[in-house]
Protein chains: 2
Amino acid sequence: MAVDREHVLKEAAGLLTRKATASMDEIAKAAGISRATLHRHFAGRDALIRALEDLGLAQFEQALDAARLDEGDAVGALRRLLAEAEPVFAFMAFLCTENQLFEGDLHEGWDRLDARINAVFRRGQEEGCFRIDLSSVWLTEALYGLIGAGAWAVHDGRVARKDLNHSIAELLLGGARRSMEK
Amino acid sequence: MAVDREHVLKEAAGLLTRKATASMDEIAKAAGISRATLHRHFAGRDALIRALEDLGLAQFEQALDAARLDEGDAVGALRRLLAEAEPVFAFMAFLCTENQLFEGDLHEGWDRLDARINAVFRRGQEEGCFRIDLSSVWLTEALYGLIGAGAWAVHDGRVARKDLNHSIAELLLGGARRSMEK
DNA sequence: AACGCGTGAGACGTCACTGTCTCATTCGGG
DNA sequence: CCCGAATGAGACAGTGACGTCTCACGCGTT
């Protein structure tokens with residue numbers, strides 16, 4: 001009986017990632033509930049978006065924690081990061097495109113997560129296994145871009161879901177690693 | 001006196017990439033003209049979007065032609081592709097996000113350009129300089145994703161425009177190339 | 001000067017979406 | 001069994017954007 005808020009948010013993220021202009025009615029239908037019920041659980045469109053950001057960031061942060069980014073070398077940390085974050089790629093794709101929508105008005109929690117990822121790349125550069133002619137900031141942006149592109153490619157069948165993680169990790173690590181070793 | 005259609009489209013692309021829900025009034029203001037004049041040159045929002053797609057695809061195709069993708073090795077072809085396409089990255093970023101907006105209803109010309117890029121990656125794989133565990137389809141998607149992420153990163157100053165091309169090329173080529181050689 | 005073209009400003013009706021409401025229905029627990 | 005909570009369906013006015021229109025102005029041409 002009780003609506004699964006998390007399920008609604010997940011469906012909403014999927015729809016809004018594909019179609020940023022989706023109406024509340026479309027979102028409700030995508031989640032399998034009526035527009036009235038959607039409004040009962042989320043005060044309005046703004047509240048829905050905010051909840052979406054909160055849940056996405058929370059899950060992403062949880063993935064970052066689980067990845068133990070400080071342990072081992074940076075390459076392994078990145079692999080663990082992608083493996084842990086894989087279930088929330090859809091949310092991340094939404095967050096990335098949404099951050100573009102609200103120019104300047106970004107969620108305060110985003111900076112913190114951004115810094116943690118940035119730190120991994122910087123550590124990799126300091127350890128000498130990542131090339132230094134690509135800034136850690138760019139590598140972070142590239143990670144988001146690849147996740148977004150990957151989530152989209154999976155969505156309409158151009159990439160198999162089981163290959164997604166390997167595809168992103170190998171491309172990003174191959175591009176970031178110094179070509180000398182190995 | 002006569003409005004520069006191309007300038008209007010360029011401004012519109014820039015604005016719509018950042019804010020997909022921008023109103024016709026906002027687009028007009030961004031282009032420095034009135035809403036009335038905008039409607040005189042483009043029958044409506046749909047027509048504007050269509051014109052945007054047409055111009056973006058035409059410029060992108062022109063870049064592909066100039067890059068002589070069939071000459072030399074695949075790595076060089078990709079470098080030339082990125083160099084030639086660099087001025088139209090903003091348009092491409094728009095096209096990528098816009099293709100997501102109209103699910104299924106994609107521009108017919110896109111397939112052709114997509115196939116040309118895909119062919120470069122496939123050729124690189126057949127020539128043995130690109131790894132084969134990453135599908136050419138994924139590499140193509142990754143190219144779009146990196147261009148989109150790069151254009152966005154440049155837009156709000158996280159990456160210098162002069163570094164953009166190098167950043168994308170090195171990351172993509174580094175990730176795509178077989179790590180054995182060089 | 002007179003004319004015409006393109007533009008800016010604004011008014012207007014239309015339409016889709018929003019947010020809130022009411023009412024009937026259903027499902028589960030006491 | 002009955003009651004209450006949650007849902008679905010629909011009505012309602014408010015809002016904003018859209019597309020079209022008219023009118024006045026600026027500017028170049030004849």
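Quick note: numbers below take in every heavy atom, side chains included, and nothing from hydrogens, waters or symmetry partners. Every value quoted in this text rests on a predicted model; they were computed, and no experiment measured them.
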Close side-chain approach of A:R116 and A:V120, heavy atoms under 4.5 Å = no

Provide, to the nearest angstrom, the distance between the CG atom belonging to A:L38 and the C1' atom belonging to D:dT7.
-> 13 Å

Taking 4.0 angstrom as the limit, do B:D114 and B:R112 come out as a salt bridge?
-> no

Nearest to the side chain of B:T37 - C:dT18, D:dC18, C:dT7?
-> C:dT7

Side-chain N or O of B:H41 closer than 4.0 Å to phosphate OP1/OP2 of C:dT7 | yes

Could you please name the option among C:dC17, C:dG8, D:dT7 that lies closest to any side-chain atom of A:S23?
-> C:dC17

How close or far is atom P of C:dT18 from atom CG of A:L48, stated in whole angstroms?
-> 10 Å

Can A:R123 and A:E127 be counted as an ion pair, charged N to O under 4.0 angstrom?
-> yes

For A:L143, the option from A:I147, A:L146, A:T140 that meets side chain to side chain contact (heavy atoms under 4.5 Å, CB included) | A:I147

Tell me which nucleotide among D:dG19, C:dT22, C:dA9 gets nearest to the side chain of B:R40.
-> C:dA9

Any idea which of D:dG19, C:dA9, C:dT18 is nearest the A:M24 side chain?
-> C:dT18

For DNA chain C, whose closest nucleotide is more 5', that of A:A43 or that of A:E26?
-> A:E26

Minimum-distance nucleotide (side-chain atoms of A:R35 versus C:dG19, D:dT7, C:dG8) | C:dG19

Base, sugar-phosphate, or nothing: which does A:R45 touch, judged by heavy atoms less than 4.0 Å apart?
-> sugar-phosphate

Here the distance between atom C1' of D:dA17 and atom CG of B:L16, to the nearest Å, is 14 Å

Round to a whole Å and report the spacing from CD1 of A:I33 to P of C:dC27.
-> 17 Å

Rounded to whole Å, the CG-C1' distance (A:D25 to D:dG10) equals 12 Å

Could you give the CD1-to-P distance, from B:I49 to D:dG19, as a whole number of Å?
-> 11 Å

Atom pair distance, as rounded to whole Å: NE2 in B:H39 and P in C:dA9 | 16 Å

Charged N to carboxylate O under 4.0 angstrom, B:R50 versus B:D54?
-> no

